[in-house]
Amino acid sequence: MEKIINITLKVWRQKGPKEKGGFETHKLEGISGDTSFLEMLDILNEKLVNEGKEPVAFDNDCREGICGMCSLYINGHPHGPDNLITTCQLHMRHFKDGDTITVEPWRSAAFPVIRDLMVDRYAFDKIIQAGGYVSVNTGGIPDANAIPIPKPVADEAMDAASCIGCGACVAACKNGSAMLFVSAKVSQLALLPQGKPEAKQRAKAMVLKMDELGFGNCTNTRACELECPKGVSISNIARLNREFLVAKFSD
Amino acid sequence: MYWLFNSSIGRKFIMSISGIFLLLFLLFHMSMNLTLLLPDDGKVYDMICEFLGANWYAVAGTLVLAAGVVVHIVYATMLTLQNRKARGSDKYLSSNRTETEWSAKNMYVLGLIIVLGLVIHLWNFWYKMQFAELIGCPDAVTGGSGLVKELFSSPCYAIVYLIWLGAIWFHLTHGVWSAFQTLGLSGKIWYPRLKMISNIVSTLIVVGFAAIPVYFMAVHLLCGNN
Amino acid sequence: MIKLDAKIPKGLLAEKWTNYKDHQKLVNPANKRRLDIIVVGTGLAGGSAAASLGELGFNVLNFCIQDSPRRAHSIAAQGGINAAKNYQNDGDSIYRLFYDTIKGGDYRAREANVHRLSEVSVNIIDQCVAQGVPFAREYGGLLDNRSFGGAQVSRTFYAKGQTGQQLLLGAYSALSRQIHKGSVKMFVRYEMLDLVVIDGRARGIIARNLVTGEIERFAAHAVVIATGGYGNAYFLSTNAMNSNGSAAAQVYRKGALFANPAFAQIHPTCIPVHGEFQSKLTLMSESLRNDGRIWVPKKIEDAVAIREGKLKPTEIAEENRDYYLERRYPAFGNLVPRDVASRAAKERCDAGFGIAPSGLAVYLDFSDAINRLGMKTVEARYGNLFQMYEKITDQNPYETPMMIYPAIHYTMGGVWVDYELMTTIPGCFAIGEANFSDHGANRLGASALMQGLADGYFVLPYTIQNYLADQISVPRFSTDLPEFEETEKAVKARINKLMNIKGNRSVDSFHKALGSIMWDYVGMARTKESLKTALEKIKELKKEFWTNVRIPGEVGSLNTELEKALRVADFFDIGYLIALDGLNRNESCGGHFREEYQTPEGEALRDDIRYSYAACWQYTGEEKDPELVKEPLEYEFVVRQQRNYKS
């Protein structure tokens, strides 16, 4: 009943950001379909360590699809060939016996490779630092129920806020654009009354930072939305465009 | 207003505005073309042609239109170059298998095909009409219906034009909703509506344009050389 | 021996925190700029503390093990956060939240701390809403609540099934704002390797840059440990892969006491283990027990047939199912607290009624709920959890019951801190799950988020000033001081020792072996014998680790195997402490269940006369057992009772 497969892995290996990388081929046998993709890489690494070789470096942490740390580009898709999941939620049952699986790091000029499959996504943090917050200090806050927020608005803000900052949108975009990421945060805070007072400033500052960091221009291909593990919608991008244009025209 | 040129959304704004402007021109041009189908041997059409001719308002309109085209192309090139740079130098070995719309990923290539078609088109018509009139050439054609008939009596030209229109259709199906998305005039509810409007408008325009070569080619093939 | 002073303020329970704040020392704004604070960790506790301290004007250095502060494992909390807002008008109050928490913790927490926690819980919700946290709302636009285990009121605020994520992102945004302002300096992909103590005070840390492998020194006037719990000592847990107990172990080795290590919470609803290569266990929210019914087959032959794949759960008739929680605890049924539900599942599986090929699983069945409420309602309530379950197991929980089994989830024990959240090393503070203070022997659902944020936003920013007020004349430290030199040398020696073993076994294989010792002998049900066995086995394994581990790669560059090795080395010490503490505590309470100490019905039997204390362990050297220091728990305001969930 349980599916057992043999696979060939083509894995990207790269010593450091400046060094030249290349693919390495490994064969793995007897992988259970219930194994997650990252556990399969654990098996590979265990094998490599036992052979005295350096294991493949890849980012991962929570392994339950919420921290956004895992970031593998598998067979032409960020987070692999299944919808609405992160790499850690991908299971080997999605592959066939004898498959060759290509594993690559996110590729974008703004996400340089650190080692093997690990990339540096601090650019995302810099964008948030530029304005992805409501400027309130701790304490001295009015009661949480002081401002009622219509449920549909709160729900829509929640949908935007479900972004996990993994970078799959940038990895999938042929333009290396971070618009889905930026728009998710701008949307969440633009929708809520708490975020409205500095909505204009926020949209401008975050877009400026995004451009400065070398992300591409959005051409509405929708690849980001289709590959987003949390299903964040491009309607957020439309809202960001609106917020930004209104802010600039009202200057 | 410096932001229009140095921010990604500003640049995209220019793309959408110029695109929408060109779309409006296409609608006008298509409507005008359709008068060729009136059973009046091209009289109305020629009247419009003569009305426009090389008059100052037509020349001004042409210049604005040309500017629109140039801006659209220049910005498309600029954005494409920037986007390639943002993508980084390493390409994916396993390519990109996200199932997006084909046209969305090939707007620039489609644009190039359209420009190529445009050159042929200008050579076929504008050069012999408004341009000739402007430089005071005595052979300048003032009513274009004859040119149309003549051109599309060649099935080769008709087919080239149809291919060109195909490229325009693909370009527009993505371009129209995309322009509204960039202007921020989309959202969860309006996205599917805009997609539908986009498809309808593109199809209308392309079918309207295609009717002319198809009609004249058919007339030529079925009724001989009259 | 060290004398413990919890520094609990005088006065009535409800006035202690106010009194403290009214009389504590403060640091004026000009002086704040001159004081450096190191915060290790960026989760709910660390992130909120770093942000709040930055806002106050302190110069904060914040260390993050992941590539971004937004990844801390607080993000994985699903269910919600408790607060005594009484928005539902169902009789909630600060006292009631305090009482539920004390009782839920099986009367092994400090009254004053827990009351303070309940008091500030209301501020947390206000704070988070102001930050733009999209909590669930009613149609009228006001905040919605749900109920959670161990409470009779609805006081849990939630944001879909991603409350932890939203709260963390709120703290992360506040933190990002301070980073932008320059008051917080963020160090990502750094791991603390040791605490630097100068003249008995915490004055800095040694950390490893995980990208370059460089060992670096950082000095400050105070160090805050906010590195979470040590559940990964069990290898398989609901913790993240990078979650570790190393910072806690480091300060413990430097003289801080480690309190109640045996109090580890085992969560009853996790997806069962499927194979030897499993790397972690996934939690299914406690909220599922609201509508799901837990059962195993009544007949042992049915259970065997299911294990062999010959029978499907849906083929077992109603009368042949044993809804054991409803049978044993008629009053609370499927909603008994976590420790009780976990032990009951283990009892059934040990008796041979477990399902799944391993025999280590029970059913969580929604067929009744679907019949009663309809598919739509069940989907609206649990859709995302069902989808998550299906992605992992490839089984559709709408059609066949879910399989669940308990797993290590949270550790109530941790670094001992006083009322001010300071450890026994002056200047070294511990907050959030890393400390031991608020949950006693068992934590109630939706209380971890509350405690992390309470410590970070509303407690530490006050109490740390009481310490720092004396430090304003102390100039910034140079990292060239001999203490830094020595500590760094010791860290490097430890690393080199590990690298030079060049043995035959991978780090993971040791970690797994340690995990299975911990689970088998220091797990849900412990005995004197099992704990003694564990101590022996851990010692042996630790010895083998230090002589036979194989770490490929170099010291001076990114080396994930070395990172893991350093953490596993600390897990040996922590695992040992857990077993030792369990052996010392001859009673059953909360997450700590000793089979020798149970009522005739199999319930936990507490011994308030002999064990009403926090067991604090003091490090005495590498080869020696630590010494036990007791902090007696005085119950001035609450009368202790046997927890009863039957009637």
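From a predicted model like this one, the values you see are computed outputs, not experimental measurements. Throughout, protein chains are lettered first and strands after them, A, B, ... in sequence-line order, and every chain is numbered starting at 1.
Contacts of A/S108 with chain B are made by both backbone and side-chain atoms, with heavy-atom separations under 4.5 Å. Using a 4.5 Å cut-off between heavy atoms, A/N75 touches chain B through backbone and side chain atoms alike. Looking at B/S95, the atoms closer than 4.5 Å to chain A (heavy atoms on both sides) all sit in the backbone: N, CA, C or O. No part of A/V246 comes within reach of chain B, as not one of its non-hydrogen atoms sits under 4.5 angstrom from that chain. Looking at A/P105, the atoms closer than 4.5 Å to chain B (heavy atoms on both sides) all sit in the backbone: N, CA, C or O. Both the backbone and the side chain of B/Y92 come within contact range of chain A, with heavy atoms under 4.5 Å apart. Heavy atoms of A/I234 lying under 4.5 Å from chain B belong to its backbone as well as its side chain. Heavy-atom distances place the side chain of A/K10, and not its backbone, under 4.5 Å from chain B. Contact annotation for A/I237: both backbone and side-chain heavy atoms come within less than 4.5 Å of a heavy atom of chain B. For B/W177, the part lying near chain A is the side chain, with the backbone staying farther off; criterion is any non-hydrogen pair under 4.5 Å. Neither the backbone nor the side chain of B/M15 has a heavy atom closer than 4.5 Å to any heavy atom of chain A. If you measure heavy-atom distances from B/K105 to chain A, the contacts under 4.5 Å come from both the backbone and the side chain.
Counting non-hydrogen atoms of other residues, nucleotides and ligands closer than 6.0 Å to NZ of B/K91 gives a total above 12. Summarising the local packing, CD1 of B/I135 is surrounded by more than 12 heavy atoms from other residues, nucleotides or ligands at distances under 6.0 Å. For OH of B/Y2, the number of neighbouring non-hydrogen atoms (other residues, nucleotides, ligands) closer than 6.0 Å is 12 at most. Surrounding CZ of B/F13 are more than 12 heavy atoms belonging to other residues, nucleotides or ligands, all under 6.0 Å away.
Note that B/R11 lies outside the cation-pi zone of B/W3, set by a 6.0 Å cut-off to the ring centre and a 45° limit from the axis.
Across A/N236, A/L240, A/T221, the residue that shares the most heavy-atom pairs under 4.5 angstrom with chain B is A/T221. Chain A forms more heavy-atom pairs under 4.5 Å with one residue of B/M107, B/H174, B/Q82, B/R84 than with any other, namely B/H174. Contacts with chain A were tallied for B/G88, B/S103, B/S8; B/S8 has the most, counting heavy-atom pairs under 4.5 Å. For chain B, the option among A/T102, A/D211, A/V113, A/V170 with the highest count of heavy-atom pairs below 4.5 Å is A/D211. Between chain A and the options B/T100, B/N6, B/L4, B/I9, heavy-atom pairs under 4.5 Å are most frequent for B/I9. Note on B/S178, B/G184, B/S89: by heavy-atom pairs under 4.5 Å with chain A, the leading option is B/G184. Of all the listed residues (A/A172, A/A238, A/S177), the one sharing the greatest number of non-hydrogen pairs under 4.5 Å with chain B is A/A238. With chain B as the partner, the residue from A/G76, A/P81, A/G216 showing the most heavy-atom pairs under 4.5 Å is A/G76. The residue among A/M210, A/R107, A/K204, A/E225 with the most heavy atom pairs within less than 4.5 Å of chain B is A/R107.
Using a cut-off of 4.0 Å between Lys/Arg side-chain N and Asp/Glu carboxylate O, A/R239 and A/E156 are scored as salt-bridged. Using a cutoff of 4.0 Å between basic side-chain nitrogens and carboxylate oxygens, A/D251 and A/K200 are not scored as salt-bridged. Salt bridge A/R121/A/D59: present, at least one basic N to carboxylate O contact under 4.0 Å.
Remark: the A/Q188 side chain and the A/K185 side chain contain an N/O donor-acceptor pair separated by less than 3.5 Å. With hydrogens and angles left out, the side-chain atoms of A/D120 and A/Y122 include no donor and acceptor closer than 3.5 Å. Side chains of A/H77 and A/E227: a donor on one and an acceptor on the other come within 3.5 Å. Residues B/T98 and B/N96 have side chains that bring a donor and an acceptor to within less than 3.5 angstrom of each other.
In summary, the aromatic rings of A/F111 and A/F215 are positioned with their centroids under 6.0 Å apart.
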